[in-house]
Amino acid sequence: MASEEKVSQYAREAGYEPLEDRCIIVKPAPGDLSEKIVAFFKSIVECELCVLQMCEHELILLPFDRMWTYLKKDVSLVLPYKDIQAVEVEEDLLNFVITIRTEEDTIRLTTQQKALSDFRMSGLTATQFTGRYRNWHKENLDGTLRALTALGASV
């Protein structure tokens, strides 16, 4: 489990300025149905979860440890906003697929919808107990997806 404050702390320590309430749990998105089946069975054994954190000038991904699902003090991807040409968000069963296009690459991520987040991996890794139960992935999902979509539209 990772607190939203820890995500912000790690982003700042890495030299980025995180935007408040703009982080969600993501993982690489499989392409077709065959890849989805393989990814499902693979996910039982290993975890490829990251936090997508929107910062002042870039998107960053902070990975979780595969074995213990704690947030690693590492930035696995930095994507400056100026390099982003388009962002598309589409529903895919119980998830959303986020497609980020740059001039050189297409990055596809999947994130769990908030309705079932409390019962799925995003809820587990984004749960905090600070006098009350809090799932920051669930709280941040709508606003973060809107901000990502707007980011792609404004470029």
Side-chain angles (χ1 to χ4, degrees), residues 1-32 35-36 39 42-43 46-66 68-118 120-128 134-155:
M1 290 182 259
S3 70
E4 192 172 11
E5 291 78 20
K6 185 165 284 212
V7 172
S8 293
Q9 174 192 343
Y10 286 2
R12 281 191 191 89
E13 288 175 4
Y16 304 100
E17 190 53 45
L19 299 177
E20 190 174 331
D21 301 328
R22 291 296 170 258
C23 60
I24 56 174
I25 306 292
V26 299
K27 66 180 187 176
D32 59 18
E35 281 185 65
K36 288 180 185 179
K42 188 177 175 185
S43 71
E46 57 185 39
C47 184
E48 297 178 356
L49 296 176
C50 293
V51 174
L52 180 147
Q53 171 67 63
M54 295 183 75
C55 296
E56 191 155 327
H57 302 289
E58 58 273 310
L59 294 176
I60 63 173
L61 290 182
L62 299 157
F64 283 90
D65 180 84
R66 289 176 182 249
W68 303 105
T69 65
Y70 65 85
L71 189 64
K72 291 168 57 173
K73 208 174 202 178
D74 184 24
V75 175
S76 61
L77 175 73
V78 177
L79 190 57
Y81 293 149
K82 65 179 178 59
D83 293 348
I84 297 173
Q85 293 183 336
V87 178
E88 300 165 13
V89 176
E90 60 186 297
E91 265 189 74
D92 182 34
L93 300 173
L94 302 176
N95 301 314
F96 288 105
V97 174
I98 304 165
T99 304
I100 304 169
R101 298 186 200 296
T102 67
E103 187 174 318
E104 301 160 3
D105 206 0
T106 298
I107 300 161
R108 287 177 36 91
L109 303 168
T110 185
T111 189
Q112 296 175 355
Q113 293 178 4
K114 68 182 187 178
L116 295 174
S117 178
D118 292 329
R120 298 179 70 201
M121 203 60 176
S122 62
L124 269 168
T125 53
T127 298
Q128 288 180 252
R134 179 170 182 247
N135 177 338
W136 52 263
H137 169 84
K138 184 178 184 176
E139 292 173 8
N140 294 345
L141 186 64
D142 291 338
T144 302
L145 293 179
R146 274 193 305 275
L148 287 169
T149 304
L151 176 66
S154 67
V155 179

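Hydrogens, waters and symmetry mates play no part in the numbers below; they use all other heavy atoms, side chains included.
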Test your reading of the model: is there a side-chain donor-acceptor pair from [X] to the backbone of [Y], 3.5 Å cut-off?
X	Y	result
Tyr10	Val75	no
Thr110	Lys27	no
Gln113	Asp92	no

Side chains of [X] and [Y]: closer than 4.5 Å at any heavy-atom pair?
X	Y	value
Phe64	Lys72	no
Val97	Glu88	no
Glu104	Asp83	no

From [X] atom [atom1] to [Y] atom [atom2], the distance as rounded to the nearest 0.5 Å:
X	Y	atom1	atom2	answer
Glu58	Glu17	CD	CD	9.5 Å
Ile24	Leu145	CD1	CG	5.0 Å
Asn140	Glu20	CG	CD	9.0 Å
Leu93	Asn95	CG	CG	7.5 Å

* Steps toward side chain to side chain contact (heavy atoms under 4.5 Å, CB included) verdict (Lys82, His57) -> CA-CA 8 Å; Lys82 65 179 178 59; His57 302 289; over 6 Å; no
* Nearest heavy atoms of Val51 and Leu71, plus distance in Å -> CG2-CD1, 3.9 Å
* Closest non-hydrogen atom pair, Cys55 against Tyr16 -> SG-CB, 3.7 Å
* **Criterion side chain to side chain contact (heavy atoms under 4.5 Å, CB included) on Val26 and Phe96, from CA distance to verdict** => CA-CA 10 Å; Val26 299; Phe96 288 105; over 6 Å; no
* To do: Mind running side chain to side chain contact (heavy atoms under 4.5 Å, CB included) on Leu59 and Ile100 for me, showing each step along the way?
  => CA-CA 11 Å; Leu59 294 176; Ile100 304 169; 3.7 Å; yes
* Structure fact -> Hits for salt bridge (Lys or Arg N to Asp or Glu O under 4.0 Å) against Glu13, two or more places apart or cross-chain, chain-then-number order -> Lys73
* Asked: side chain to side chain contact (heavy atoms under 4.5 Å, CB included) between Leu148 and Met54: does it pass, once the steps are laid out?
  -> CA-CA 8 Å; Leu148 287 169; Met54 295 183 75; 4.0 Å; yes
